[in-house]
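Shown next, in structure tokens, is the structure this report addresses.
A note on names: the letters A, B, ... follow the listed sequences, proteins ahead of strands, and every chain is numbered from 1. Both backbone and side-chain heavy atoms feed into the values below; hydrogens, waters and symmetry mates do not.
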Number of protein chains: 2
Amino acid sequence: MKATIYDVAREAGVSIAAVSQVMNGKGKISEERRGEIIKIMERLNYQPSVIASALTGKKTYTLGLLVPDISNPFFAEIARAVEDQGHHMGYSLVICSSDNKDERVERYLNLLQQKSVDAMIIGTGMDNKDMLTPLMERAIPIAMIAREMPDIDVHTVVVDDFVGGALSATHLLDLGHRRMAILAEHSKVSSSRERVRGFKSKLEEAGAQLPENSVRNCHYVVADGKREALELLDQSNPDRPTALFCCNDLLAIGALQAAKQLGLRVPEDLSVIGFDNTILASVTDPPLTTVAQPIEPMGKMVVDLLIQELKKESKAKQRVVMRPELIVRQSTAAPTECD
Amino acid sequence: MKATIYDVAREAGVSIAAVSQVMNGKGKISEERRGEIIKIMERLNYQPSVIASALTGKKTYTLGLLVPDISNPFFAEIARAVEDQGHHMGYSLVICSSDNKDERVERYLNLLQQKSVDAMIIGTGMDNKDMLTPLMERAIPIAMIAREMPDIDVHTVVVDDFVGGALSATHLLDLGHRRMAILAEHSKVSSSRERVRGFKSKLEEAGAQLPENSVRNCHYVVADGKREALELLDQSNPDRPTALFCCNDLLAIGALQAAKQLGLRVPEDLSVIGFDNTILASVTDPPLTTVAQPIEPMGKMVVDLLIQELKKESKAKQRVVMRPELIVRQSTAAPTECD
DNA sequence: TTGAAAGCGTTACCAG
DNA sequence: CTGGTAACGCTTTCAA
């Protein structure tokens, strides 16, 4: 069996208290004893039980990460950034994919609580904001990443989605597009809503108008994006858009596939713009113009915020907004007029 | 504060043992009391502490997943499959990215032990097989996924990598290629070694020969693949290969990028074949011919194997080998002769 | 049926 | 400095 603190104490001929102290560097122990004890710990290959120490009120050194889908490259990249910084600070990560379903969110939230994670990072949307109140009552630090929950006092790390949408609109307008449409995520996703808002606002500024029914809400998967794009690009529609703003790279890929299926060339016949700048954007055909989020800094930041709160070094919840950046690749170009 | 079993007991006017029993459905309790207690638990929003119950010898209901890099789409997809099945069985997942570095593997292995995960899923290679022995001594169930560790008695779920390599070779040979090269992963990765073996064996069967120095070991990132491909495709080389077999999709993407940079058309001037059939393969330019692994069944299988062992329902370690499938897309074609 | 009590492995307080 | 010892929240005998 695994060696316990008792084994070490017995072997060293001291009390468990002494052993505990050398582990935590607390209390006073003679250098001599300390050295001996350490030697014994090594010999026995003693590994203190996180479980036991957590029970006495200490931390579990575990963070929960709730995202819609870890197999979505954007969230996988977020997870990696969070994992790295967490690991760096001595924390490990349990990941949960919610599929944007409230019931799954709730289950996972409960589970993570029962497992006493030290803090929670939430990158998934949810309709019912009350789901977080139990956590807040229990004073479990919470941070949102790439997503917001207004009216709730938690840390938040986001990119300026409004600006990201605006950036895209400006790019498309500059290129000469006037008839555009949007592939948005599920309406419960705050970031997507903001992107749409930013995009529209620039359009209005420029006097351009979105045709009726041209903002499509999709679940965040490729198939949905494709289906909606297919409808939007329906040849029989005289007002067919010349450009599509997609609220994430996956949707953009769906749009690309739809275009290919319809025999539309990108970017000649249709411009497509994505969001997130995941690895996908760099490998598509053609490579995707997209709005980049600074994923790594964002991941690092949430962890820092949370750990700071855990150490009680911080008082107020912070909201940090990072700058998006338009990455122009080859899926956007001036529209070729042919009406 | 959080309600404990004591709160419930006091409120219900019973002993904590009674409460414990209704939670675990053990022992005998009158229906009457049972109902009351349940009511109280709900009223108090009581959530038993996994930590505490784990300390008394029960499980933590947590699985560790060790992969090279969670932001690599292949492993992200694996993680999702594992998470789903785990969640289904009541387990959560802590993920660890090793970057294929033994020191990181070791750190994580220790960490997961200290946190008392119930079992470990390993999808990362390691040089030093002894790292697993402490786990085995402590009887922590281990399963390898998409990777093997010979000489070690653990569950293993892999695709038949040898066959996958052979499939690729056959495809390329049928197309008429004779001069080929390979972009392999780090030599410590068993799956990659097998793929190379399978590929070579078919080549030899056909009397084709790999030129000197044409199996390149790369770390598993795109940049490496590109750099090596650049060398392999060096124009000044009269024996420049007409086809590249890449041991994963990421490497294939690197090859695609190298080809583009050199002005080589794919598949006309160069055929490229990947492995894994991640989402990446379907979106590249051109879409990638690749060998598919049944990721979801594999993820489900490891979890089942492990849980089965945890329940002591199983005796021997199993090794399950699944069938790879060649997915032909547009990155492979007959070579155009021009020597 | 029910409850008292002994752990599980640590931490932390408090006397020596 | 050092060692007892009471928690921590739950499970599990063992009596009653």
Side-chain angles (χ1 to χ4, degrees), chain A residues 1-38 40-41 44-62 90 110-111 113-118 138-139, chain B residues 1-38 40-41 44-62 110-111 113-118 138-140:
Chain A
M1 262 321 279
K2 222 176 131 165
T4 74
I5 197 172
Y6 286 100
D7 300 322
V8 178
R10 182 170 357 94
E11 202 75 3
V14 300
S15 73
I16 59 167
V19 179
S20 176
Q21 280 168 193
V22 352
M23 288 175 41
N24 299 291
K26 298 202 172 183
K28 272 100 225 310
I29 301 222
S30 60
E31 266 316 313
E32 200 182 357
R33 271 183 174 310
R34 158 180 235 85
E36 269 181 48
I37 294 180
I38 291 185
I40 308 259
M41 294 198 309
L44 264 44
N45 199 322
Y46 167 64
Q47 317 235 168
S49 157
V50 174
I51 296 290
S53 85
L55 190 56
T56 69
K58 305 248 309 193
K59 296 183 290 191
T60 54
Y61 290 94
T62 302
N110 280 331
L111 218 69
Q113 263 179 88
Q114 292 182 209
K115 296 201 176 170
S116 308
V117 298
D118 294 331
R138 283 172 195 180
Chain B
M1 262 323 279
K2 221 176 132 163
T4 73
I5 197 173
Y6 287 98
D7 300 323
V8 178
R10 184 171 353 96
E11 202 75 2
V14 300
S15 73
I16 60 169
V19 180
S20 175
Q21 280 168 192
V22 352
M23 288 176 39
N24 299 291
K26 301 202 172 181
K28 272 100 223 313
I29 302 224
S30 61
E31 265 317 313
E32 201 182 357
R33 272 181 175 303
R34 159 181 234 82
E36 269 182 48
I37 293 180
I38 291 185
I40 307 258
M41 294 197 310
L44 264 43
N45 199 323
Y46 169 64
Q47 318 235 164
S49 155
V50 174
I51 295 290
S53 84
L55 190 55
T56 69
K58 307 244 313 191
K59 295 184 291 190
T60 54
Y61 290 95
T62 303
N110 280 331
L111 218 70
Q113 262 179 91
Q114 293 183 206
K115 296 202 175 167
S116 308
V117 297
D118 295 331
R138 285 173 193 177
I140 298 178

Between [X] and [Y], what is the shortest heavy-atom contact and its length?
| X | Y | result |
| --- | --- | --- |
| B:Ala12 | B:Ile37 | CB-CG1, 4.3 Å |
| B:Val22 | B:Ile38 | CG2-CG1, 4.0 Å |
| B:Met41 | B:Met23 | SD-CG, 4.0 Å |

Does the side chain of [X] get closer than 4.0 angstrom to OP1 or OP2 of [N] through an N or O atom?
| X | N | result |
| --- | --- | --- |
| A:Tyr46 | C:dT10 | yes |
| A:Thr56 | C:dA12 | no |
| B:Thr4 | D:dG9 | no |
| A:Arg10 | D:dG3 | no |
| A:Arg33 | D:dC1 | no |

TODO: Give B:Ser20 one of three labels, base, sugar-phosphate or nothing, depending on what nucleic acid heavy atoms sit under 4.0 Å from its own.
DONE: base
TODO: Indicate, with a heavy-atom threshold strictly under 4.0 Å, whether A:Val19 touches base, sugar-phosphate, or nothing.
DONE: nothing
Euclidean distance, atom [atom1] of residue [X] to atom [atom2] of [N] [Å, nearest integer]:
| X | N | atom1 | atom2 | value |
| --- | --- | --- | --- | --- |
| B:Gln21 | C:dG3 | CD | P | 9 Å |
| B:Ile51 | D:dC8 | CD1 | C1' | 11 Å |
| A:Lys2 | C:dC8 | NZ | P | 15 Å |
| A:Gln114 | D:dC10 | CD | P | 10 Å |
| A:Ile5 | D:dT5 | CD1 | P | 16 Å |
| A:Ile16 | D:dA7 | CD1 | P | 15 Å |
| A:Leu55 | D:dT11 | CG | C1' | 13 Å |
| A:Lys59 | C:dA12 | NZ | C1' | 17 Å |

Quick one: are [X] and [Y] in side-chain contact, heavy atoms under 4.5 Å?
| X | Y | value |
| --- | --- | --- |
| B:Thr4 | B:Lys2 | no |
| B:Val14 | B:Gln21 | no |
| A:Arg138 | B:Gln47 | yes |

TODO: May I ask you to decide if B:Tyr61's main-chain N or O and A:Lys115's side chain share a donor-acceptor pair within less than 3.5 Å?
DONE: yes
TODO: Take the C1' atoms of the five end pairs on each side of the helix from C:dT1-D:dA16 to C:dG16-D:dC1, derive the two axes, and give their angle rounded to 10 degrees.
DONE: 50°
Open item on the list: Looking at the base of C:dC8, is there any donor atom on it, or on the side chain of A:Tyr6, that sits under 3.5 Å from an acceptor on the other one?
Closed with: no
Task: Most 5' of B:Ala17 and B:Ala52 on DNA chain C, judged by nearest nucleotide - done: B:Ala17
